[in-house]
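Computed from heavy atoms alone, side chains included, the values below leave out hydrogens, waters and symmetry copies.
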Amino acid sequence: MTSRGRVAIPGNQKLAEIRDEWELRGVNDVCILSSVSEATLLHSLRVRYEQDLIYTYISCILIAVNPFKPLSIYGAEEVEMYRSVEDRSTLSPHIFAVCANAWSNLVMHQRNQAILVSGESGAGK
């Protein structure tokens, strides 16, 4: 994303056109779209970012976009909400949901867990 919130495409590279209204809204999980492409993924991330919704799923993968400002989404209330809800898919994507799922699978289902965190140096991982 650029400083103006636009995605810059290098050279003469073209992205597929987004035609479905559902694809234009910005969704919690990109995999629910009828057509998943680079364009729909980038567009959904941008729409959600503009609404301070910095987390988006691609199936069980969580993408986080740096908001470059403090957000009030990391308090004890949010921790409890993601920890105690029966169906986490009813909540907006969040790092707390990933943690709660891993903990649940570890403790309740006795399944080993791994979480991979990746990003640029200095990005606040």
Side-chain angles (χ1 to χ4, degrees):
M1 293 207 179
T2 67
S3 61
R4 303 177 100 194
R6 295 193 178 125
V7 176
I9 305 302
N12 60 357
Q13 190 177 13
K14 298 272 185 191
L15 295 177
E17 186 176 335
I18 301 173
R19 296 179 182 194
D20 184 347
E21 183 182 332
W22 185 251
E23 294 173 349
L24 294 172
R25 294 181 188 177
V27 293
N28 283 348
D29 187 342
V30 175
C31 288
I32 69 168
L33 299 175
S34 59
S35 173
V36 177
S37 67
E38 186 177 359
T40 55
L41 170 61
L42 292 174
H43 181 75
S44 191
L45 291 173
R46 180 178 51 233
V47 168
R48 293 178 58 76
Y49 177 84
E50 290 171 353
Q51 300 169 12
D52 288 337
L53 299 170
I54 62 167
Y55 295 114
T56 304
Y57 290 125
I58 301 177
S59 185
C60 63
I61 298 170
L62 181 68
I63 295 178
V65 180
N66 189 338
F68 298 102
K69 64 182 178 182
L71 297 177
S72 301
I73 59 172
Y74 301 109
E77 191 175 298
E78 287 80 10
V79 171
E80 182 59 26
M81 179 174 58
Y82 282 91
R83 187 193 65 76
S84 63
V85 70
E86 256 188 63
D87 183 4
R88 288 184 193 94
S89 68
T90 62
L91 300 175
S92 189
H94 199 290
I95 189 63
F96 292 164
V98 173
C99 296
N101 283 335
W103 180 255
S104 174
N105 284 325
L106 180 67
V107 173
M108 298 175 90
H109 304 293
Q110 309 253 318
R111 293 177 57 195
N112 293 333
Q113 301 296 298
I115 297 174
L116 173 66
V117 179
S118 178
E120 293 181 9
S121 177
K125 297 174 289 305

**OP:** Answer yes or no: is there a donor N or O on one side and an acceptor on the other, between the side chain of Glu78 and the main chain of Gly75, under 3.5 Å?
**Re:** yes
**OP:** Output yes when a side-chain donor or acceptor of His109 lies under 3.5 Å from a complementary backbone atom of Arg111, and no otherwise.
**Re:** no
Subject >> Test side-chain contact (heavy atoms from CB on, under 4.5 Å) applied to Thr56 and Val30, step by step >> reply: CA-CA 8 Å; Thr56 304; Val30 175; 3.9 Å; yes
**OP:** Over all heavy atoms of both residues, which pair between Cys31 and Ser59 is shortest? Give the atoms and the distance, please.
**Re:** SG-N, 3.5 Å
**OP:** Look up atom CD1 in Ile63 and atom CG in Leu41, then write down how far apart they are to the nearest 0.5 Å.
**Re:** 5.0 Å
Subject >> Point-to-point distance, once rounded to the nearest 0.5 Å, from CG of Leu62 to CG of Leu116 >> reply: 12.0 Å
Original post:
Which heavy atom of Ser92 sits nearest a heavy atom of Leu53, and at what distance?
Top reply: OG-CD2, 4.3 Å
Subject >> Donor-acceptor under 3.5 Å (His94 side chain, Ile73 main chain) >> reply: yes
Original post:
Could you state the interatomic distance from CG (Asp87) to OG (Ser89), rounded to the nearest 0.5 Å?
Top reply: 3.0 Å
**OP:** Locate the shortest heavy-atom distance separating Tyr82 from Arg88; write the atom from each residue and the value.
**Re:** O-NE, 2.9 Å
Original post:
For the hydrophobic clusters of this structure (ILVMFWY residues joined by side-chain heavy atoms under 4.5 Å, transitively), does one cluster hold both Leu71 and Met81?
Top reply: yes
Original post:
So if you build clusters from Ile, Leu, Val, Met, Phe, Trp, Tyr with side-chain heavy-atom gaps below 4.5 Å, do Tyr74 and Ile115 land together?
Top reply: yes
Original post:
Is it true that Tyr57 and Val36 fall in one hydrophobic cluster, defined by side-chain heavy atoms closer than 4.5 Å?
Top reply: no
**OP:** Please confirm whether the backbone N or O of Glu80 pairs with a side-chain atom of Ser84, one donor and one acceptor, at under 3.5 Å?
**Re:** yes
**OP:** Determine yes or no for a side-chain-to-main-chain donor-acceptor pair under 3.5 angstrom, with Ser44 supplying the side chain and Val27 the backbone.
**Re:** yes
**OP:** Kindly indicate whether the side chain of Arg48, heavy atoms from C-beta on, has any atom under 4.5 Å from the side chain of Val65.
**Re:** no
Original post:
Rounded to the nearest 0.5 Å, how far apart are CZ of Phe96 and CG of Leu91?
Top reply: 12.5 Å
Original post:
Do the side chains of Asn66 and Ile54 get nearer than 4.5 Å, heavy atoms only?
Top reply: no
Subject >> Gln51 atom CD: more than 12 heavy-atom contacts under 6.0 Å >> reply: yes
Subject >> Interatomic distance, Asn105 atom CG to Gln113 atom CD [nearest 0.5 angstrom] >> reply: 4.5 Å
Original post:
OH/Tyr55 to CD1/Ile95 distance, rounded to the nearest 0.5 angstrom?
Top reply: 5.5 Å
